[in-house]
Structure formats: structure tokens, C-alpha cells
J.: 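Let me give you the structure first, and then I'll get to my questions.
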There are 2 protein chains.
Amino acid sequence: MSTITPPRQRLIEAAEQQFRRFGYRRTTVDDVTRAAETGKGSFYLHFSSKEDAYVAVVEASLERFLAKAEIALHGSGTVPQRLRTLVAVTADHYGDDELLRASLFGEAALVEGAVARRAANIQRGRIRSLLAEALKSGKSEGSIRDTVDVDNAAAVLFEIGWAVVRAEFDASADLPLDAALDTLNDVVGLGLIARTPPEGP
Amino acid sequence: MSTITPPRQRLIEAAEQQFRRFGYRRTTVDDVTRAAETGKGSFYLHFSSKEDAYVAVVEASLERFLAKAEIALHGSGTVPQRLRTLVAVTADHYGDDELLRASLFGEAALVEGAVARRAANIQRGRIRSLLAEALKSGKSEGSIRDTVDVDNAAAVLFEIGWAVVRAEFDASADLPLDAALDTLNDVVGLGLIARTPPEGP
DNA sequence: GAAATGACTAGATTAGGATTCTGGTCAATA
DNA sequence: TATTGACCAGAATCCTAATCTAGTCATTTC
């Protein structure tokens, strides 16, 4: 760890490295400061607590996912196709990002209790906002039915996506992601779209 | 506990009473046999193990729920309305039945580990079968689209319903059941139904 | 002879006390 | 003024003796 890098940056990088490797409880503040080559007191110049440091790492990690999710939601294709892509991107990203997955899907070995709930709430809130924005755009464009309540639909879509991705991670659910996405695309996508009068016979 | 009742019945009733009160781990076989006014060895004449006794109680409890679920699925109204009623009945019943809820929604204080997973698998399997039957009937009647894959749709509908009910039990999800049901009805229900040619202009 | 019983035991779990650890603080140092 | 690391209250862990419990089966009862 180069000490040319500013202390705060070093601490954030060290914190991410340690939390990803060992999880929240097993990582000590001394671990982080040692890895950052700084004193323990300096940690508290940048973070109010160990928990706040963890949340900062979650938020930085979440931005990486959200960048991909934005691309999925603004890509080409119909709304159902884009939602389907979003779920696939989510499953893919969370399959790889153990730190995010642990809090959102309850992997207690890495994080549990109040800090896990706080991290999950942050993720849920941001993903729901993203979905709500996409639904609003869809309504403005006329590709989503006017009667759809944006906030409720965003919340429900979040729960649906969450469940499908969780089922992918849970072998006993016996629901392969591809099959789930096909059915979801079929059922939920169709339920969302606006009905335009047919153009042909 | 009347000893006119046959021992097996007494054991089942006592097992249910004890497991509901104390959960799986805290209930001992001695607790059950004492409440049933029978000897410990008699327990093993009727159940192969403590876990099998628990599963017998889960199965009996599940039948009570499934009876209600059948009524919901065979009631009046459109398919979306009936699915909506099913989710509401589920939330209601599981809200009251702590024993079933503990295994299906992960309340570790009452049951956890292999026995909890076994109980959850039984519930998932039975509910999915019920949904698949309903979807098959719907396809035969022409009220569900022919293109819907029954088993996948049943699995996805289970996951969706499970997520919505879980969100009802989890305050931090911030998704009231009524709002979720409205949106679900709107989105999923519409996605399922068969498109009949309009009869009017 | 069949059914019921409860004493027994191997392994699991718990309780309690000693020891160690750790998040956060702040006096000392650079 | 910024940084450091010793300090400490409370939390967590470890160890070991004691207790508990699921399952068995020899004995008793009907």
C-alpha cells in the first residue's frame, strides 16, 4: 500500500480488501489500519465507526452495480426485455460480489445483525429508485400503462427480482434462472406494457 | 390429555402443542411423551425420530392451509383475482401459523438447520403443485394463455408470492400487503390471462 | 406374545469463570 | 495541528466440568 496515496483513500481501499476477505465481524479496525499503514486514531478521523466504514464500502460497491443496471435499463429492446436483462445483470453481478450479496441475501458468515440490515436497506432503496425512474420514463414514453402505480410497482418488481435471484443462489428452490427469466418476461413483462391497438389484421 | 385417545393421536397432539410452544430444539422427546402420558419408547413406535415427528406436525398443519388455498383457487372471479386471494389467504394464514412460518420464512428461534430446510421444502413442493394444478385447469378452460409453461410459472408464482408475503412480515421492506396485492394483480395477473378477441368495437 | 416402559449411554450441549480481544478514546508525540 | 498507539470497559472467546437428550433395548405389564 503506497503512502503517496492520501490516508482516506488508503483506508477505504484497505477496508474494502479486509471486509471482502474476512467479513464484518472478523475484520478489526486494527486490521484495516495496519493494511492502510496508518494509526488507529486516524481511522476515526475519516469514519465515525467501524460500521460507517463498512457502509462506505457497500456504497462504493453498489455504485459499480448501479452503473451496470443503468445500462441494462437504458439499452435497446422492449421494456420486458430490459427488465429481463436487469434481472440477469443483477444475478450475474451479485453472484460475483460476495460483499453485496451477503447483506442483501442474508449470508450471515460474512455480515449479520444491524449492520447487515443497514446495508440491505441501502441497496433496496437505491435499486427501487432506479426501477421507479425507469417506470416513470416508460409511462412518459407511453410504453408502460398509465394505470401502473410507479412506486408500488417498483417495490413489487424489486421483491420479484430479489426472489428470483435468491432462488438462483438457493439450490433447494429448484428454479434455474433462465427458466425463471423466460417466465418472468412472459408474465410480468406482459402485465406491464401498454396496450396499443394492433396495426395489422 | 385423555388416555382414552389412542397413543399415536395423543403423541401427535402433544408433539404439536410442544413444538408450537417451544420450537424444535427446545422441545425434548421427554416433553412430548410426558404431555402424551406415555413412555419414551412408545414415541419411537410411532415416529422414527424427533425430526419425523416435527415433519408430521408440519404436514398436518400444512393440510389446514392447503384446504383454505384450494378454496381460494376454486372460488369465483377471474384468475388474477383468485391468485390475489390466494396470496392474501397465505399471508393471513402464515401470519397466524408461527410453526409453518418459522420454517418457510426462516425464523431461527423456533426451528433451524436441516429440519427447517426439510419443512420448507415440503411446503414449497405442495404449494407449487397446487399452483401448477390451477394453471393447468386455467389452460384447459382457456383462461390462461397456452404459451405459459405450467411448471415454471408455478415455480415463479411461488417465488413471487413468497417474496410478497415475506415483505409483509418484514417491516424494513416498506411494502404494505394491500399495495403489493394491487400491483401484483395488475402486473402478474394481466400477464397470465389469455387474450380473447374483443367483443366490442 | 405383544405392547409399553423407563434406565442407560454416547455424544451433544450448556454454564460459568478465566482469559483474550476490540472499538473507541485521548494524552503524548512529532 | 495532525498523527499515533497505549489504554480500558465491555464484549467475545476458550476451556472444562457438568448436564442434557435422542435413541436403544432389557424388563415389565397386559
Side-chain angles (χ1 to χ4, degrees), chain A residues 1-58 108-119, chain B residues 1-58 108-119:
Chain A
M1 181 73 71
S2 163
T3 52
I4 294 175
T5 316
R8 180 181 172 92
Q9 182 66 12
R10 289 200 326 267
L11 279 166
I12 289 179
E13 285 171 8
E16 177 159 353
Q17 174 192 60
Q18 299 293 313
F19 286 134
R20 282 189 178 281
R21 176 61 190 273
F22 300 112
Y24 181 76
R25 187 171 68 84
R26 289 179 179 85
T27 298
T28 65
V29 172
D30 278 335
D31 290 335
V32 174
T33 53
R34 191 180 307 115
E37 296 179 341
T38 190
K40 189 166 176 185
S42 300
F43 182 90
Y44 294 94
L45 296 178
H46 301 288
F47 305 110
S48 299
S49 64
K50 181 182 172 183
E51 178 173 314
D52 280 356
Y54 190 78
V55 166
V57 171
V58 166
L110 288 184
V111 67
E112 63 184 335
V115 61
R117 287 192 295 275
R118 187 170 160 199
Chain B
M1 179 75 70
S2 164
T3 53
I4 296 175
T5 316
R8 179 182 172 89
Q9 184 64 15
R10 293 202 323 270
L11 279 166
I12 289 180
E13 285 171 8
E16 179 161 352
Q17 174 192 59
Q18 299 294 312
F19 285 134
R20 285 192 175 278
R21 176 63 189 273
F22 300 112
Y24 181 76
R25 189 171 65 88
R26 288 178 180 84
T27 298
T28 65
V29 173
D30 280 334
D31 289 336
V32 174
T33 54
R34 191 182 307 114
E37 296 179 343
T38 192
K40 189 167 180 186
S42 299
F43 181 92
Y44 294 95
L45 297 178
H46 301 288
F47 305 111
S48 299
S49 63
K50 180 182 172 184
E51 178 174 313
D52 280 355
Y54 189 79
V55 166
V57 171
V58 165
L110 289 183
V111 66
E112 64 183 333
V115 61
R117 287 192 294 275
R118 188 169 159 201

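Just so we're on the same page: letters track the sequence lines, and every chain starts at 1.
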J.: Over how many whole Å does the gap from B:His46 atom NE2 to D:dG23 atom P extend?
T.: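 Atom-to-atom, B:His46 to D:dG23, this comes out as 16 Å.
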J.: Using a heavy-atom distance cut-off of less than 4.0 Å, which residues of residues 21-28 of chain A contact DNA chain C?
T.: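 Hits under 4.0 Å, by residue number: A:Thr27, A:Thr28.
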J.: Separation of B:Asp30 atom CG from C:dA7 atom P, in whole Å?
T.: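 So the two atoms are 11 Å apart, to the nearest Å.
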J.: Whether the side chain of B:Thr33 engages the backbone of B:Asp30 through a donor-acceptor N/O pair (distance < 3.5 Å, no angle test) should be reported.
T.: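 Yes: the side chain of B:Thr33 pairs with the backbone of B:Asp30.
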J.: Could you check how far CD of A:Glu51 sits from C1' of D:dA11, rounded to whole Å?
T.: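 Distance, rounded to whole Å: 16 Å.
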J.: Output the rounded distance in Å from CZ (B:Phe43) to P (D:dA22).
T.: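 Rounded to whole Å, this separation is 8 Å.
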J.: Let me know the distance between CG of B:Leu11 and P of D:dA22, rounded to the nearest Å.
T.: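 It is 14 Å, rounded to the nearest whole Å.
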J.: Within this structure, what is the CG-to-P distance between B:Leu45 and D:dG23, rounded to whole angstrom?
T.: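 Rounding to the nearest Å, CG of B:Leu45 and P of D:dG23 are 14 Å apart.
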J.: Less than 3.5 Å apart, any donor N or O on the side chain of A:Gln17 or A:Glu13 sitting next to an acceptor on the other?
T.: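 No - no donor-acceptor pair under 3.5 Å links their side chains.
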J.: Do B:Phe43 and B:Thr38 have side chains that approach each other closer than 4.5 Å (heavy atoms only, starting at C-beta)?
T.: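 No. Closest side-chain heavy atoms not under 4.5 Å.
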J.: Taking CZ from B:Arg8 and C1' from C:dA4, how many angstroms apart are they, rounded to a whole number?
T.: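 Nearest whole value for this atom pair: 17 Å.
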J.: Phosphate oxygens OP1/OP2 of D:dT4: is one of them under 4.0 Å from a side-chain N or O of A:Thr38?
T.: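 Yes, such a contact exists.
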J.: Can you tell if the side chain of A:Tyr24 reaches within under 4.5 Å of the side chain of A:Lys50, non-hydrogen atoms only?
T.: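 In short, these two side chains touch, coming nearer than 4.5 Å.
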J.: Go through the structure and list residues passing side-chain hydrogen bond (donor to acceptor under 3.5 Å, both in side chains) with B:Thr28, not counting sequence neighbours.
T.: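 Once residues adjacent in sequence are excluded, the partners of B:Thr28 under the side-chain hydrogen bond (donor to acceptor under 3.5 Å, both in side chains) criterion are B:Asp31.
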J.: Taking A:Arg21 for the side chain and A:Thr27 for the main chain, is one N or O donor matched with an acceptor at less than 3.5 Å?
T.: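 Looks like no, no N/O pair under 3.5 Å.
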J.: Summarise protein proximity over nucleotides 25-30 of chain C in one line of letters, 5' to 3': B for base, S for sugar-phosphate only, - for none, counting protein heavy atoms closer than 4.0 Å.
T.: BB----
J.: Respond yes when some side-chain nitrogen or oxygen of B:Ser42 is under 4.0 Å from OP1 or OP2 of C:dT5, and no when none is.
T.: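 The answer is yes; a side-chain N or O of B:Ser42 sits under 4.0 Å from OP1 or OP2.
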J.: Would you compute the distance between atom CZ of A:Arg25 and atom CG of A:Leu110 and round it to the nearest 0.5 angstrom?
T.: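 It is 11.0 Å, given to the nearest 0.5 Å.
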J.: For the residue pair A:Phe19 and A:Val58, establish whether any side-chain heavy-atom pair is separated by less than 4.5 Å.
T.: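 No - every pair of side-chain heavy atoms lies 4.5 Å or more apart.
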